[in-house]
Amino acid sequence: MVITAEEVRAYLSDSPEDNHLLDGVEFSDARIELAAKMAVSDFNAMPPLSSHPVETFPYISILLDGIVHHLFKGQSALSARNTMSYSDGGLQIPIEERFQYYEALSEMYGKYFISKARDLKSHLNME
């Protein structure tokens with residue numbers, strides 16, 4: 001892969017020392033690799049169609065935005081499935097309340113990805 005899982009985690013500050021509420025990293029190598037495949041697939045499916053492989057994808061910034069978009073999209077689904085609240089003696093305690101943050105991050109990085117990808121595809125098509 002043109003960008004490593006370690007580089008993606010470095011960009012996101014996803015490390016045990018930065019994740020105060022987790023025991024390790026949030027995004028495994030396997031999830032990062034899947035997100036990379038999905039981002040490249042999204043790019044290739046945009047008109048004009050292309051067939052860049054993940055291993056040699058030439059646009060690192062676009063790939064990174066696509067990877068981060070898909071990572072947070074997946075975390076959003078996980079968070080939504082695990083959202084609940086606990087009540088004890090009239091005190092309401094939310095459990096797993098990060099859905100809205102993951103969803104907002106996914107949307108933001110998705111917009112970055114689409115904008116950059118469309119601009120590039122348009123430029124390449126004009127050439």
Side-chain angles (χ1 to χ4, degrees):
M1 188 165 68
V2 71
I3 186 168
T4 66
E6 292 80 22
E7 290 170 326
V8 172
R9 281 194 291 271
Y11 176 77
L12 293 173
S13 298
D14 182 16
S15 66
E17 51 275 352
D18 291 322
N19 292 335
H20 304 295
L21 301 177
L22 301 175
D23 286 334
V25 297
E26 187 160 21
F27 301 113
S28 68
D29 288 1
R31 288 191 63 197
I32 292 170
E33 289 172 18
L34 176 59
K37 288 178 187 175
M38 294 173 74
V40 170
S41 178
D42 289 347
F43 181 86
N44 286 333
M46 285 181 183
L49 301 179
S50 54
S51 58
H52 294 285
V54 174
E55 297 78 20
T56 59
F57 192 81
Y59 312 106
I60 293 173
S61 175
I62 294 172
L63 180 58
L64 181 62
D65 286 340
I67 290 170
V68 173
H69 160 67
H70 282 290
L71 288 173
F72 283 123
K73 188 175 178 182
Q75 281 303 96
S76 170
L78 173 66
S79 182
R81 283 193 309 273
N82 290 302
T83 297
M84 62 175 271
S85 61
Y86 173 75
S87 182
D88 186 15
L91 178 63
Q92 195 83 346
I93 303 167
I95 310 288
E96 188 54 70
E97 58 185 10
R98 295 176 285 191
F99 167 77
Q100 64 204 25
Y101 301 116
Y102 289 132
E103 189 67 22
L105 286 165
S106 172
E107 186 176 320
M108 181 178 73
Y109 279 99
K111 286 179 182 177
Y112 294 159
F113 172 77
I114 289 169
S115 175
K116 289 179 187 178
R118 281 192 179 146
D119 287 350
L120 177 63
K121 288 274 189 151
S122 177
H123 172 75
L124 293 174
N125 194 37
M126 290 169 64
E127 287 183 347

Query raised in the report: What's the spacing between Leu120 CG and Arg118 CZ if we round to 0.5 Å?
Result: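 Nearest 0.5 Å value for the CG-CZ distance: 13.0 Å.
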Query raised in the report: Can you tell me how far the CG atom of Leu71 sits from the OG atom of Ser28, to the nearest 0.5 Å?
Result: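 If I round to the nearest 0.5 Å, the distance is 8.5 Å.
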Requested in this report: Please state whether the rings of His52 and Phe43 are parallel, tilted or perpendicular, taking 30° and 60° as the class boundaries.
Outcome: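 His52 vs Phe43 ring planes: tilted.
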Of the non-hydrogen atoms in [X] and [Y], which two are nearest, and what is the gap between them?
X	Y	value
Arg31	Glu26	NH1-O, 4.1 Å
Pro53	Val40	C-CG1, 4.3 Å
Met46	Ala117	SD-CB, 3.5 Å
Pro16	Val25	CD-CG1, 3.9 Å
Ile67	Ala39	N-CB, 3.8 Å
Phe27	Ile32	O-CD1, 3.8 Å

Requested in this report: May I ask you to list the residues sharing a hydrophobic cluster with Met38, side-chain cutoff 4.5 Å, ordered by chain and number?
Outcome: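 In the cluster with Met38 are Leu34.
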Query raised in the report: Is Val54 reachable from Leu49 through a run of hydrophobic residues whose side-chain heavy atoms are each under 4.5 Å from the next?
Result: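 No, no single cluster joins them.
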Report task. Determine, using the 4.5 Å side-chain heavy-atom cutoff (strictly less than), whether Ile60 and Ile62 are members of one ILVMFWY cluster. Result ->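 Hydrophobic grouping puts Ile60 with Ile62.
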Report task. Sequence neighbours left out, what pairs pass salt bridge (Lys or Arg N to Asp or Glu O under 4.0 Å) with at least one residue falling in residues 52-66? Result ->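 Applying salt bridge (Lys or Arg N to Asp or Glu O under 4.0 Å) to every pair that reaches into residues 52-66, excluding sequence neighbours, yields Asp65-Lys116.
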Requested in this report: May I ask you to decide whether Lys37 forms a salt bridge with Glu33, counting only side-chain N to carboxylate O separations under 4.0 Å?
Outcome: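 Salt bridge: no.
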Taking side chain to side chain contact (heavy atoms under 4.5 Å, CB included) as the definition, give me every residue that meets it alongside [X], ordered by chain and number, with sequence neighbours left out.
X	value
Glu6	Thr4, Arg9, Asp29
Met108	Leu105, Tyr112
Leu64	Ile3, Val8, Tyr11, Val68

Query raised in the report: How would you list all residue pairs meeting side chain to side chain donor-acceptor pair (under 3.5 Å) that involve residues 38-49, not counting sequence neighbours?
Result: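 The answer is Asp42-His70, Asn44-Ser50.
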Query raised in the report: Do any N or O atoms from the side chain of His69 and from the backbone of Ser106 form a donor-acceptor pair under 3.5 angstrom?
Result: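 Yes, His69 side chain to Ser106 backbone: donor-acceptor pair under 3.5 Å.
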**Report entry** Residues Tyr102, Lys73; criterion side-chain contact (heavy atoms from CB on, under 4.5 Å); working and verdict
**Finding:** CA-CA 7 Å; Tyr102 289 132; Lys73 188 175 178 182; over 6 Å; no
Requested in this report: Verify whether the ring centers belonging to Phe113 and Tyr59 lie closer than 6.0 Å.
Outcome: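 Distance test on ring centres: not under 6.0 Å, no.
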